[in-house]
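One structure below.
Because only heavy atoms are used, hydrogens play no part in the values below, and waters and symmetry mates are left out as well, while side chains stay in. In what follows, chains carry the letters A, B, and so on, assigned in the order in which the sequence lines appear, proteins first and then strands, with residues in each chain numbered from 1.
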Amino acid sequence: MSGRGGPVSENEPQPLHRLVEERLRKLEALAERGEPYPYRYDRTHTSAGLAAAEAELTASGATVRIAGRIMAKRSAGKTIFLPLQDGEGRIQIYARRDDLGEQDYDAFKKLLDLGDLIGVSGKLFRTNTGELTVHVSAWELLAKSLRPLPEKFHDMSLELRSRKRHLDLIMNPESRERFRRRSALLDHVRRFLIDRDFLEVETPVLQPLYGGATARPFTTHHNALDQRLYLRIADELYLKRLIVGGLERVFEFCKDFRNEGMDRTHNPEFTMMECYAAYWDYHDMMDLVETLMRQLAEKFGVDGRISYGGHELDFSGGFRRLRFLDGLQETTGVDFRGLDREEIRAHAERLGVPVRPEMGADKILDAMFGELVEPTLIQPTFVMDHPKELSPLAKGHRDDPALVERFEGFVAGFEICNSFSELNDPREQRRRFADQMDLRAKGDDEAQVMDEDYLEALEIGMPPTGGLGVGLDRLVMLFTDCNAIRDVLLFPAMRPEE
RNA sequence: GCGCCGCUAGCUCAACUGGUAGAGCAACUGACUCUUAAUCAGUAGGUUCGGGGUUCAAGUCCCUGGCGGCGUACCA
């Protein structure tokens, strides 16, 4: 039992729903046949396994044992058909009174409900209509379902699908398939990195200081230490300490937490993959992302292409490289290089992009880019070389002091990854933190905070390093053609029902 | 945060300008020995999201609170 609802309240004895009462009555009757919640059941096959072994099984006439959930009941007098659903699909079973005897058949027909889990043994055959079926010679209850399943003809409401994921998974095969695919996708990413000598590590979720991204944190408290702690918004600063320590390639699949709004593409907790490689720069990271995405598209798409939201996305040719300011110029016709804040602001207003007074020049450029350019980036594109103010942990650009060596990967109009040549000069990093503190003082509560402990690590000396963060939930959305993050999270954040 | 829309039986949905809350599936009783959204006959099932108001009369109109969806803002 979990205490999800907070403090335990007095459990008021509520009258049982008539449908539950009816099923309890059947449960009691079934209990007279044997333990209604037995400990285990030996299966010889799964539903898919039966189909695969059909020829052999029908030739030998072997008795098979399968288990699953009753998804429908179709009775015709003294016979009954019902589809049984297990982890791999469905298999029909067929019972006859002549085989089971009157008593056993009546129990089977009258005491079992939709949703019950049963085990059956019998021989495999094909019905007149050609459906693979197990002819039941014996059966037992494995667990009684006391509540009705949702109606089978119509889709469950979106709310119910997210709130009661177990029902969604029972009723909707495409939902089961989506989460299988999520697992396969994450598995591929993990192997891809391990194959390239990246070491998987785990770093703190509870952090005394949060950093590595611009976002508001969740705050909590450690009683024994009487210390304020934050749930991490990123694990970047810890992973780079490991690079300092000589673990030259590291990655982590990390749950991050950001105390921001929720919408179609945002959940307060989400999964990132961050990886860092010593002696790499952001060009090396672009190669890494390109290779990974090409592989994923080959594995989960068709000929290196996937379709998403009506777009055909092609990863076979790699990512287009688009410099941030070139992208802006392409869309707006304005070359923003060398313009001051006031000039930039005027352009933004003319283009209909709202500007708030606390926004600096670079922030306004970013707002314009997000509004005007990003939605047009459908085919795989690396947006690179961003203005400096937006990226306090990225190394200055080797050719242009106003920019940093950074890229973001865009596909279908949304960002899937973010990467830098990591800033490893502790003097410069200290100045950047100081600038962030100024922004914070001016009321930007998402600005990053000074992290002396991290600076001390940098002062020991960090090699040139390439870093990358990939939003794994969005990656899954991309490869499952989902437009809402809640559909790729098993348990998306929801308000309590009552 | 804000705006718009929604919330009716276990589930999916009806109910016109305010006038006796209905259907399908699920459930129950019965018929039917190859069904597959099985079929057929019958039965039962409701605090119309909560609270307040207007009215002879409220699922329907008004106010307020809750939850959800979509859009929008910040963010990944």
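Using a 4.0 Å heavy-atom distance criterion, A:Asn267 is classed as a base contact. A:Ser75 comes within contact range of at least one nucleobase, with a heavy-atom separation under 4.0 Å. As judged by a 4.0 angstrom heavy-atom cut-off over every strand, A:Arg356 is placed among residues touching the sugar-phosphate backbone only. A:Asn418 comes within 4.0 angstrom of no nucleic acid atom, judged by non-hydrogen atoms across all strands. Residue contacts for A:Glu131: at a heavy-atom cut-off of 4.0 Å it reaches a base atom on one of the strands shown. Among the atoms of the strands shown, none is found under 4.0 Å from any heavy atom of A:Arg216. Counting any heavy atom pair closer than 4.0 Å across all strands shown, A:Thr214 reaches sugar-phosphate atoms only and no base atom.
The C1' atoms of B:U20 and B:C32 are separated by 38 Å, rounded to the nearest whole Å. Taking the P atoms as reference points, B:G22 lies 13 Å from B:C16, given to the whole Å. For the C1' atoms, the distance from B:U12 to B:G50 is 24 Å, rounded to whole Å. Distance check on atom C1': B:A27 versus B:G66 gives 31 Å, rounded to whole Å. The separation of B:G46 from B:G59, taken at their C1' atoms, amounts to 11 Å, rounded to a whole angstrom. Only the P atoms considered, B:G65 is 14 Å distant from B:C4, to the nearest whole Å. Spacing between B:C13 and B:U48 at atom C1', rounded to whole Å, works out to 13 Å. B:A58 and B:C63: their C1' atoms are spaced 15 Å apart (whole Å).
Proximity note for A:Lys78 (side chain, C-beta onward) versus B:G10, B:G68, B:C32: the nearest is B:C32. Here the side chain of A:Met494 is nearest to one of B:G68, B:C74, B:G45, namely B:G68. Listed nucleotides B:G69, B:A9, B:A37 differ in distance to A:Arg486; the shortest reach to its side chain belongs to B:G69. The A:Leu114 side chain lies nearest to B:A26 when the options are B:C25, B:A26, B:C74. Counting only heavy atoms from C-beta on, A:Phe81 has its side chain closest to B:C34 among B:C11, B:C34, B:C74. The A:Leu158 side chain lies nearest to B:G69 when the options are B:G69, B:C11, B:C74. Listed nucleotides B:A73, B:C34, B:C67 differ in distance to A:Asp263; the shortest reach to its side chain belongs to B:A73. The A:Leu19 side chain lies nearest to B:A27 when the options are B:A27, B:U12, B:C67. When distances are taken from the side chain of A:Lys26 to each of B:C67, B:A27, B:A26, the shortest belongs to B:A27. Which of B:G45, B:A37, B:C75 sits closest to the side chain of A:Phe153 comes down to B:A37.
Atom C1' of nucleotide B:A23 and atom CD of A:Glu151 are separated by 11 Å, given to the nearest angstrom. Rounded to a whole Å, the CG atom of A:Leu149 is 14 Å from the C1' atom of B:U12. The interatomic distance linking A:Leu124 (CG) with B:C34 (P) rounds to 20 Å, in whole Å. What separates OH of A:Tyr210 from P of B:C75 is a distance of 15 Å, to the nearest Å. One interatomic measurement links the two molecules: CG of A:Asp113 to C1' of B:C11, which rounds to 15 Å at whole-angstrom precision. The distance between atom CD1 of A:Ile70 and atom C1' of B:A26, rounded to the nearest whole Å, is 14 Å. To the nearest angstrom, P of B:C32 lies 8 Å from NZ of A:Lys109. Going from atom CD of A:Gln448 over to atom C1' of B:C75 covers 13 Å, rounded to whole Å.
When each of A:Ser419, A:Ser391, A:Ser421 is paired with A:Arg406, the side chain to side chain donor-acceptor pair (under 3.5 Å) condition holds for A:Ser391 and for no other.
Ring geometry for A:Phe324 against A:His386 counts as tilted: the plane angle lies between 30° and 60°, on a 0 to 90° scale. Note on ring orientation: taking the six-membered ring where Trp is involved, the planes of A:His188 and A:Phe192 are parallel (angle under 30°, cut-offs 30° and 60°).
Residues A:Arg232 and A:Pro204 have side chains not in contact (no heavy-atom distance under 4.5 Å, counting atoms from C-beta outward).
Closest-nucleotide positions on RNA chain B for A:Asp473 and A:Arg23 were compared, and the one nearer the 5' end corresponds to A:Arg23.
For A:Glu174, the salt bridge (Lys or Arg N to Asp or Glu O under 4.0 Å) partners two or more places apart in sequence, or in a different chain, are A:Arg161. In this structure, A:Tyr276 has no ring-ring contact (aromatic ring centres under 6.0 Å, His included) partners at least two apart in sequence or on a different chain. In terms of the ring-ring contact (aromatic ring centres under 6.0 Å, His included) criterion, A:Tyr238 has no residue partners (sequence neighbours excluded). A:Tyr94 meets the ring-ring contact (aromatic ring centres under 6.0 Å, His included) test with A:Phe81, A:Phe125, A:His135; sequence neighbours excluded.
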Given Watson-Crick and G-U pairs under 3.5 Å, RNA chain B in dot-bracket ([ ] crossing, | other strand) is (((((((..((((.....[..)))).(((((.......))))).....(((((..]....))))))))))))....
Between A:Phe407 and A:Phe382, is a ring-ring contact (aromatic ring centres under 6.0 Å, His included) present by the stated rule, with each step listed? CA-CA 6 Å; A:Phe407 74 88; A:Phe382 289 140; 4.7 Å; yes
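Residues from residues 85-97 of chain A placing a heavy atom under 4.0 Å of any atom in RNA chain B, listed by number, are A:Gln92, A:Tyr94, A:Arg96.
Although no hydrogens or angles enter the test, the distance criterion places no donor-acceptor pair under 3.5 Å between the side chain of A:Asp116 and the main chain of A:Lys144. Side chain of A:Glu374 to backbone of A:Glu371: no donor-acceptor contact under 3.5 angstrom is found.
If you check distances only, the side chain of A:Asp155 never reaches the base of B:C13 with a donor-acceptor pair under 3.5 Å.
A salt bridge does not link A:Glu269 to A:Arg258: none of the charged nitrogens lies less than 4.0 Å from a carboxylate oxygen.
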